[in-house]
Amino acid sequence: MANSSIEALPTPLLSVDLPTVRKNLQSMADYTADHNLNLRPHIKTHKCRLFSQMQLECGAIGLTSAKPSEAIAAAIDAEDILLAYPCFTHSRMQLLDSLCQNHRVRMGIDSLEAAERVSSYLHDQSDSSIGLLVDLDIGHHRTGVSAAESVVSLARQIESLPNVRFDGVMFFPGHVVPNHAGVEEGMANVRANLVSILDALQNAGLKPGIVSGGSTPTAKHTHLIPEISEIRPGTYIFNDLNSVRWQCASLDDCAAIVHATVISTAVKGKAVVDAGSKMLSSDLCGADPQSGFGFLIDHPGAKVARLSEEHGEIELGQSDWSPRIGDRVRILPNHICPCVNLQNELILVDGEQPPRRLTIDARGMVH
């Protein structure tokens with residue numbers, strides 16, 4: 001890169017601070033080691049082989065991916081891969097079969113139909129085999145089986161099918177957030193639901209080898225549920241405004257920042273920047289939906305109030321900032337995962353070294 005300053009690069013751009021990434025990775029690795037947990041990070045946040053490698057080098061036993069195409073692009077160096085999303089359409093199962101050739105693969109499912117389709121495809125096409133984790137609904141109510149007897153029935157049926165095996169259970173505690181005094185109660189409720197299912201499986205002779213939990217907000221509260229054997233946090237590598245508002249990270253723990261330039265001040269009380277929904281995504285902050293579409297790091301009194309495709313409208317409010325055309329601003333995204341997927345590349349910042357470009361290997365890989 002010709003100029004060593006990120007300020008010389010055209011906006012909008014997404015930068016990632018590598019020292020902060022290293023700190024975040026080490027912190028989660030230390031937590032899991034201290035509590036005898038396996039760490040299987042979710043790569044949907046970063047979608048880059050470089051960061052997958054860094055996670056593996058920092059003690060991860062394997063990686064989690066949403067879709068097989070994402071894993072093929074960004075998790076290819078991992079020996080052990082969990083697909084946390086069911087694959088049973090023909091195009092996805094072709095990719096799944098390809099992934100199985102050189103990796104130990106597991107997948108989360110919550111239906112017999114999904115298990116049967118995977119079993120039939122692998123049996124007919126390649127005789128590969130994969131482990132299945134039964135996806136549990138322990139309170140988030142998005143996917144998953146909730147009744148213990150239904151989990152036992154599905155596990156038994158999996159064991160009867162060729163080319164698949166029952167390897168355990170997984171769940172996503174996305175309804176529990178640690179920004180209030182009720183986090184211990186929330187985790188206790190999750191544990192009660194989980195234990196009832198684990199007891200039923202144990203009594204049926206189907207003890208799960210893996211009990212996989214997840215979510216960055218609850219990651220460092222996992223010790224409250226000692227039955228969990230591994231966790232799948234994703235956002236922790238970069239963090240975002242959700243992480244800060246949910247009080248599982250500080251601003252200093254946020255590695256990924258959008259840089260934008262003021263392109264208009266014509267409307268009184270407002271500045272418009274060149275980062276809109278195509279850069280920041282339209283996700284609101286889950287912990288504070290009224291806070292706008294990102295946090296202005298250097299002008300906290302102002303608010304990213306509206307986004308259109310190419311425009312970010314900043315209301316100045318009580319800020320003492322007097323924006324001028326050409327001013328650059330730094331915005332912490334509400335939700336970094338979709339923000340990354342909107343980019344073809346990001347800019348790596350590493351101390352005094354010149355910033356460098358990094359291609360986002362699995363950008364747009366949604367199959």
Enumerate the residue pairs fulfilling side-chain hydrogen bond (donor to acceptor under 3.5 Å, both in side chains) with a member in residues 282-293, sequence neighbours excluded, ordered by first and then second residue. Asp283-His335
For residues 68-80, which residue pairs pass the side-chain hydrogen bond (donor to acceptor under 3.5 Å, both in side chains) check, not counting sequence neighbours? Arg40-Asp80, Lys47-Glu70, Arg49-Asp77, Gln53-Asp77, Ser65-Glu70, Asp80-Arg104, Asp80-Arg106
Among residues at least two apart in sequence or on other chains, which ones pass side-chain contact (heavy atoms from CB on, under 4.5 Å) with Ala249?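 Checked Ala249 against side-chain contact (heavy atoms from CB on, under 4.5 Å); matches are Asn239, Ser243, Asp253.
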Output all residues satisfying side-chain contact (heavy atoms from CB on, under 4.5 Å) with Gln125, sequence neighbours left out; order by chain, then residue number. Asp97, Tyr121
By ring pair (Phe, Tyr, Trp, His ring centres under 6.0 Å), which residues pair with His175, not counting sequence neighbours? none
Counterpart residues, ring pair (Phe, Tyr, Trp, His ring centres under 6.0 Å), relative to His259 (two or more places apart): none
Identify each donor-acceptor pair in which a side-chain atom of residues 155-164 lies under 3.5 Å from a protein atom, sequence neighbours left out, and give them as a table.
| from | atom 1 | to | atom 2 | distance (Å) |
| --- | --- | --- | --- | --- |
| Glu159 | OE1 | Phe166 | N | 3.0 |
| Ser160 | OG | Gln157 | O | 2.7 |
| Asn163 | OD1 | His123 | ND1 | 3.0 |
| Asn163 | ND2 | Asp127 | O | 3.4 |
| Asn163 | ND2 | Asp127 | OD1 | 3.0 |
| Asn163 | ND2 | Ser128 | O | 2.8 |

Taking the hydrophobic residues Ile, Leu, Val, Met, Phe, Trp and Tyr, and joining any pair whose side-chain heavy atoms are under 4.5 Å apart, which ones share a cluster with Leu82? Leu133, Met170, Ile210
Can you list everything that forms a side-chain hydrogen bond (donor to acceptor under 3.5 Å, both in side chains) with [X]? Sequence neighbours excluded, please.
| X | value |
| --- | --- |
| Gln202 | none |
| His221 | none |
| Thr218 | Ser215 |
| Asp252 | none |

Between Asp135 and Thr143: side-chain donor-acceptor atoms closer than 3.5 Å: yes
